[in-house]
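To keep things clear, I will list the structure first and then write my remarks on it.
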Amino acid sequence: MTVPATNKTVLNKYLDLPQPEEKVQVEYIWIDGSGEGIRAKCRTLDFNPKSPEECPVWNFDGSSTEQAEGRDSDRYLQPVAMFKDPFRRGNNKLLMCAVYDHKLKPVKTNLRHTCKAAMDKAKAEEPWFGIEQEYTLLDYDKYPFGWPKKGFPGPQGPYYCGVGANKVYGRDIVEAHYRACLYAGIEIAGCNAEVMPAQWEFQVGPCLGISMGDHLWVARYLLHRVAEDFGVIVTFDPKPMSGDWNGAGAHTNYSTKAMREEGGLKYIEDAIDKMAVRHADHIVVYDPRGGKDNERRLTGKHETSSIHNFSAGVANRGASVRIPRQVAEDGKGYLEDRRPSSNCDPYAVTEALVKTTILDEPLF
Ligand code: ADP
Ligand code: MN
Ligand code: MN
Ligand code: MN
């Protein structure tokens, strides 16, 4: 199968054209009706916006994104977070948006709306999050990138944090994405090759409150766009290959002010006790299909816990929630919730953690 491709050297001839100073290209980005897919469209502003609030509310045809029926299909794009555009450079912007319907009600996949309300209520506790985003690169035939066609690479073992052409596949994309994130202003914290070949991870955080979701969604957008340039597909499916291959998660590291301060371990343990009681509810929130996606991943094998039971432990990567060894030694820090699926909505995950551990509010 050949990849339809254009010549990027030719493209650069046009991207080098001087851009009128008062004209700024703003890429409006939003989550579509699947709750996983990302859509984006561009418009010119005749000023250089300094904040998302300065950017006009825009609209799109919701009937083409599973976000509206035919009639009354206009949906509103409410700007919420702004970043620099690493593709167009200059004053050009990436603009994360939340979607509202024609009556200005949040659409079903706008999980930011309630997340923001929860974060505002929990503000005094200063909730921080760091999400480890795992993902898999696919060739144009949707088979893992670099895998022998009609076959499999050797068994897992040498690939995690691997080095060498026979250990990792697609590093160019990882490197390009990292720089694109830094340039844009994403709080990217690191990256590594994962256990399954062609599987990678990047971390975003620590981020305060609502910004976790904003930064992670734009980081995902950047990954799709960078991979597009290389003719490679990114999947956030939590178990792209069945069998003896690791799945992909979105481990969510979480702390409050009290947990980070001297004696914080006690507050970490209190939070874990509250999370234990709510295990089933959290599982419903931790993937876009109410737990169905995580059923394929949280098997109790491949460094996962069983989807059916809650467990927690120091340095235990087979538990639902892990207290990192360093945190146990320091007696303060953060916890790691290992249950969220790679395709989770970070707004939903961070809202659930705050409601369960700080606000004592039910998730449903
Ligand atoms: P792992 O050992 O599980 O692979 P990583 O190094 O991939 O862990 O990711 C750890 C994540 O934890 C990073 O994204 C980092 O930003 C985040 N983190 C570190 N300290 C805190 C904290 N106090 N609160 C929340 N997140 C944190
Ligand atoms: Mn990690
Ligand atoms: Mn990982
Ligand atoms: Mn982890």
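Counting from 1, the numbers follow the sequence of the chain as shown. Indexing begins at 1, ligand by ligand and atom by atom, following the structure's order.
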| message | Check this for me, if you would: do K274 and E269 make a salt bridge, where the nitrogen-to-carboxylate-oxygen distance has to be below 4.0 angstrom? | response | no
| Is the closest basic N to carboxylate O distance between K239 and D293 below 4.0 Å? | no
| task | Take every heavy atom of E201, measure it against each atom of ligand 1, and state whether any distance is under 4.0 Å. | result | yes
| task | Test the R220-F236 pair against the cation-pi criterion, namely NZ or CZ under 6.0 angstrom from the six-membered ring centroid and within 45° of the ring axis. | result | yes
| request: Answer yes or no on whether K105 is positioned over the face of Y100, meaning its NZ or CZ is under 6.0 Å from the six-membered ring centre and within 45° of the axis. | output: no
So is there a nitrogen or oxygen of [X] less than 3.5 Å from a nitrogen or oxygen in ligand 1?
X    : answer
R338 : no
I131 : no
Y334 : no

| request: Using side chain to side chain donor-acceptor pair (under 3.5 Å) as the criterion, point out the one residue from Q203, E336, R322 that pairs with H251. | output: E336
| Side chains of S341 and L298: does their closest heavy-atom pair fall under 4.5 Å? | no
| task | Please tell me if the side chains of K121 and E361 come closer than 4.5 Å, counting only heavy atoms from C-beta onward. | result | yes
Number the atoms of ligand 1 from 1 as they appear, then name those within less than 4.0 Å of a heavy atom of [X], with their elements.
X    : value
E336 : 3 (O)
Q203 : 7 (O), 9 (O), 14 (O)
R317 : 2 (O), 3 (O)
G205 : 16 (O)

| field | Name of whichever N/O/S atom of E336 is nearest to the Mn ion (ligand 4) | value | OE2
Which heavy atom of the protein is the closest neighbour of [atom], given with residue, atom name and distance?
atom                    : answer
atom 24 (N) of ligand 1 : S255 OG, 2.7 Å
atom 11 (C) of ligand 1 : N253 ND2, 3.2 Å
atom 4 (O) of ligand 1  : E132 OE1, 3.1 Å

| query | Can you say whether the rings of Y28 and W58 are parallel (under 30°), tilted (30 to 60°) or perpendicular (over 60°)? | reply | perpendicular
| said: For a distance under 2.8 Å, give residue and atom name for each protein N, O or S atom next to the Mn ion (ligand 2). | reply: E132 OE1, E201 OE2
| Do you know which of K41, M82, K93 makes side chain to side chain contact (heavy atoms under 4.5 Å, CB included) with V26? | K93
| said: In this structure, would L15 and V226 fall into the same cluster of hydrophobic residues linked by side-chain contacts under 4.5 Å? | reply: no
| task | May I have the step-by-step check of salt bridge (charged side-chain N to carboxylate O under 4.0 Å, His left out) for R179 and E175, ending in yes or no? | result | CA-CA 6 Å; R179 284 296 185 89; E175 289 294 318; over 6 Å; no
| T136 OG1 to M196 CE distance, which is reported to the nearest 0.5 Å | 4.0 Å
